Amino acid sequence: QVQLVESGGGLVQPGGSLRLSCAASGTIVSIRAMLWYRQGPGKQREMVAAITAGGSTNYADSVKGRFTISRDTAKNTVYLQMNSLKPEDTAVYYCNADLRRSVHSGYSSAYWGQGTQVTVSS
C-alpha cells in the first residue's frame, strides 16, 4: 500500500508565497521521480515541476523563476516552493510519484495524492 499526502495549500494574496509538501508512505523500495501537477478551473491537468532521483529538475514555462521543487529523499518527501504567486496559479495541486514497491516489480507512475487547493486572490 502506497499513499501520497499533500499539504500546505491555502488562500494567498497575489505576490505571496506558499510551500507545498508531499510525503510518500507505505511499501516503497525506490522513487525514481516525483512531480507536481495542477488543475485549474476549467483546465486540463498540467505538469508544473518534476525532480528525479538524480536531482534533475524540470518546470513548466509558466512557473519558471517563481517555483522551486526540492526533495528530502530520507523522508520520501517532495516540496514545491511557490513565490510571486498569480491568480492564474489558482488550482488544485497534485503530487505524483514514479516508484517501485518491491524488487520483484517495475516502476509505476500511477500514484497520486488527493490534491491540495491553492487559491491566489486579493
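Not measured: the values here are computed from a predicted model.
- Remark: the Tyr93 side chain and the Arg38 side chain contain an N/O donor-acceptor pair separated by less than 3.5 Å.
- Heavy-atom minimum distance, Ser122 versus Pro14: N-CD, 3.7 Å.
- Under the 4.0 Å criterion applied to side-chain N and carboxylate O atoms, Asp61 and Lys64 are assigned as salt-bridge partners.
- The nearest pair of heavy atoms linking Ser70 to Arg19 is OG-NH2, 4.5 Å.
- Side-chain heavy atoms closer than 4.5 Å link hydrophobic residues (I, L, V, M, F, W, Y) into clusters, and following such links, possibly through other members, connects Val48 to Val120.
- For the residue pair Ser30 and Tyr107, the shortest heavy atom distance occurs at OG-OH, 3.1 Å.
- The shortest distance between side-chain heavy atoms of Leu99 and Val2 falls below 4.5 Å.
- What you find for Met34 and Ala24 is that their closest heavy atoms are CE-CB, 4.4 Å.
- Side-chain contact between Tyr111 and Arg101 is present, with at least one heavy-atom pair separated by less than 4.5 Å.
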Would you check, one step at a time, whether the test side-chain contact (heavy atoms from CB on, under 4.5 Å) holds for Glu6 with Gln114?
CA-CA 7 Å; Glu6 301 101 332; Gln114 82 287 352; 2.7 Å; yes
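- Taking the side-chain hydrogen bond (donor to acceptor under 3.5 Å, both in side chains) definition, one finds that Gln117 meets it with Thr119, sequence neighbours left out.
- With contacts defined as side-chain heavy-atom distances shorter than 4.5 Å, the pair Val118/Thr90 does not qualify.
- Between Arg45 and Trp112, the closest side-chain pair of non-hydrogen atoms falls below 4.5 Å.
- A 6.0 Å sphere centred on CD of Glu46 holds more than 12 heavy atoms belonging to other residues, nucleotides or ligands.
- Residues Asp98 and Ile31 are not in side-chain contact: their nearest non-hydrogen atoms beyond the backbone lie 4.5 Å or more apart.
- One finds the CG atom of Asn76 at 9.0 Å from the OG atom of Ser25 (value rounded to the nearest 0.5 Å).
- For the atom pair CZ (Arg32) and CD1 (Ile51), the distance works out to 15.5 Å, reported to the nearest 0.5 Å.
- Residue pairs that meet the disulfide (SG to SG under 2.5 Å) test with at least one member in residues 20-122, sequence neighbours left out, are Cys22-Cys95.
- Rounded to the nearest 0.5 Å, atoms CG (Asn58) and CD1 (Ile69) are 9.0 Å apart.
- Tyr59 and Val78 fall within a single hydrophobic cluster, where Ile, Leu, Val, Met, Phe, Trp and Tyr are joined by side-chain heavy atoms under 4.5 Å apart, directly or via other members.
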Leu20/Ser7 under side-chain contact (heavy atoms from CB on, under 4.5 Å): CA gap, chis, key distance, verdict
CA-CA 6 Å; Leu20 306 183; Ser7 62; over 6 Å; no
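- For the pair Met47 and Trp36, the minimum side-chain heavy-atom distance is 4.5 Å or more.
- Across all their heavy atoms, Gln44 and Gln39 have their closest contact at C-CG, 4.1 Å.
- Expressed to the nearest 0.5 Å, how far CD of Gln3 lies from CD1 of Ile28 amounts to 10.0 Å.
- Cation-pi check for Arg71 over Tyr79 is not met; the charged atom does not lie both under 6.0 angstrom from the ring centroid and within 45 degrees of its normal.
- Between Ser84 and Asp89, the shortest heavy-atom distance links the atoms O-OD2, 4.4 Å.
- Thr52 places no side-chain N or O within donor-acceptor distance of the main-chain N or O of Ala33, the cut-off being under 3.5 Å.
- Residues Leu80 and Val92 do not share a hydrophobic cluster, clusters being chains of Ile/Leu/Val/Met/Phe/Trp/Tyr side chains in contact below 4.5 Å.
- Here the straight-line distance linking atom CG of Asn83 with atom OG1 of Thr68 works out to 6.5 Å at 0.5 Å rounding.
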